[in-house]
Protein chains: 2
Amino acid sequence: MTNEDRRTLRTRAALRAAFVAQVLERGYAGVRVEHIAAAADVGRATFYTHFRDKEALYDHVVEVVLGELRERITPADWEGVGFTGRPVAELFRHASEQPEVYRLILRGEGDGRGLRALVDAWTTTAYDVFAERAETQRIRPRVDLRVVARAWVGEQAAVLLWWLESPAPRPGTEQVVETLVELSRHGRYWATGFDPVST
Amino acid sequence: MTNEDRRTLRTRAALRAAFVAQVLERGYAGVRVEHIAAAADVGRATFYTHFRDKEALYDHVVEVVLGELRERITPADWEGVGFTGRPVAELFRHASEQPEVYRLILRGEGDGRGLRALVDAWTTTAYDVFAERAETQRIRPRVDLRVVARAWVGEQAAVLLWWLESPAPRPGTEQVVETLVELSRHGRYWATGFDPVST
DNA sequence: GAAGATACTAGACACTATGTCCAGGTTCTG
DNA sequence: CAGAACCTGGACATAGTGTCTAGTATCTTC
């Protein structure tokens with residue numbers, strides 16, 4: 001890796017950071033290329049030597065985050081007892097390290113493209129794990145696993161966004177993740193204490 | 001209600017329909033005011049006599065849908081055994097009657113504003129029901145009800161979008177709703193057949 | 001069926017942001 | 001220090017926005 005490359009990488013990182021900050025400040029539609037360039041301390045023309053337009057930068061940002069997330073979760077995380085707990089915890093931990101990008105994506109900023117990318121990727125991963133588990137354990141699931149995977153992911157997306165946008169005194173990562181795991185394990189009725197039969 | 005009002009209402013409805021169709025065809029960012037006007041069979045200037053801009057029309061569309069949904073679900077739907085099943089079924093039924101608008105909103109089109117509006121409204125409603133139930137029944141929930149409400153809504157949003165975008169041979173409303181209810185009742189582990197303890 | 005009100009219309013307008021281009025400047029490497 | 005990158009400001013044509021105006025169509029009411 002030569003040093004020209006380094007310079008390029010630094011500039012791109014600056015543009016990414018500037019983009020995220022600007023979108024959270026002004027909203028995706030309200031951000032001008034000039035704002036991003038200025039916030040990244042770079043000329044407007046320079047922006048275009050790196051990215052075709054605002055959308056391209058957005059896609060790049062999402063790609064980077066998804067790449068990091070993928071690298072962080074190994075197949076081993078999906079093994080064993082309570083096998084969904086570790087991936088969820090890892091997701092929340094990653095998000096808490098860079099709340100801005102995650103808020104950006106989960107809010108559906110940029111016409112929802114990033115949110116759909118995240119949800120789709122995460123859903124595919126989950127479904128594959130669920131399906132393979134059912135396969136190897138000769139289990140015949142009582143419900144459609146595609147629906148289960150979607151539900152599982154949607155649940156996390158909604159809770160994660162709420163958690164990231166909650167003001168200062170918010171529950172800790174462990175507590176929220178624990179709640180999600182409990183819901184997976186015992187169902188909402190059990191967790192809330194409402195008895196579906198006698199009520 | 002005079003007849004001028006009628007004309008106005010008809011034009012607005014036409015603009016709403018045109019907007020939805022155009023966004024699904026070109027994506028929110030790709031839609032020009034001219035496209036909407038043309039699709040509604042109306043002059044471009046007319047658009048501006050009804051709505052400030054594209055965003056205002058978008059907000060109006062969301063408002064109408066949320067209004068309809070609210071009207072459809074009475075407090076009685078939240079009563080009794082399996083009290084979450086009926087509202088969910090009603091939501092899915094409403095969505096299946098006008099899949100286009102719901103797809104538009106759930107995809108996060110328009111920088112996610114509509115999706116957030118829908119999720120927030122639905123979450124608030126759910127939380128209030130949950131909280132009041134816990135109150136009147138003197139139940140001390142095992143988990144944070146705010147998280148439960150978020151999770152419950154996120155689950156539905158993700159599954160509903162998936163369902164609306166699935167090609168022709170897709171599961172029926174009843175089946176999908178039934179799955180969601182089962183997940184609420186018994187938890188994901190039970191429904192998938194994976195035993196969290198012995199696995 | 002005429003008068004009046006209201007919605008609609010085409011076209012022109014200034015304005016703003018986009019994306020491309022270029023010629024010259026800066027910064028790092030070898 | 002020479003060369004190769006990256007960066008730069010400014011100029012440019014283009015496209016879409018939102019406003020306005022003067023005039024036309026449509027419907028109600030008497």
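We name chains A, B, ... by the order of the sequence lines, and we start the count at 1 in each one. Note that the coordinates shown come from a computational prediction; the quantities given were computed from them, not determined experimentally.
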I want to check one thing: is the phosphate of [N], taken as OP1 and OP2, less than 4.0 Å away from some side-chain N or O of [X]?
X	N	value
A/Arg32	C/dA17	yes
A/Thr46	D/dT8	yes
A/Thr11	D/dC7	yes

Atom pair distance, as rounded to whole Å: [atom1] in [X] and [atom2] in [N]:
X	N	atom1	atom2	answer
A/Arg7	C/dT26	CZ	P	13 Å
A/Gln22	C/dA17	CD	C1'	15 Å
A/His35	C/dT16	NE2	P	12 Å
B/Arg10	D/dC27	CZ	P	8 Å
A/His50	D/dC7	NE2	P	4 Å
B/Glu34	C/dT9	CD	P	13 Å
B/Tyr48	C/dA12	OH	P	17 Å
A/Arg6	D/dA5	CZ	P	17 Å

- Message: Can you confirm whether A/Glu97 is buried at CD, in the sense that more than 12 heavy atoms of other residues, nucleotides or ligands lie under 6.0 Å from that atom?
- Response: yes
- hbond_proxy B/Arg44 side chain to D/dG16 base (donor-acceptor, 3.5 Å cutoff):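 Result: no qualifying N/O pair found.
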- Would you mind telling me which of C/dG19, C/dA10, C/dA7 lies closest to the side-chain atoms of B/Ala45? C/dA10
- Can you name the ring-ring contact (aromatic ring centres under 6.0 Å, His included) partners of B/Phe51, sequence neighbours left out? B/His60
- Please name all residues satisfying ring-ring contact (aromatic ring centres under 6.0 Å, His included) with A/Tyr102, sequence neighbours left out, ordered by chain then number.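 For A/Tyr102, the residues satisfying ring-ring contact (aromatic ring centres under 6.0 Å, His included) (neighbours in sequence not counted) are A/His94.
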- Item | Heavy-atom side-chain contact between B/Trp78 and B/Ile73 under 4.5 Å |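 SC-SC contact between B/Trp78 and B/Ile73 confirmed.
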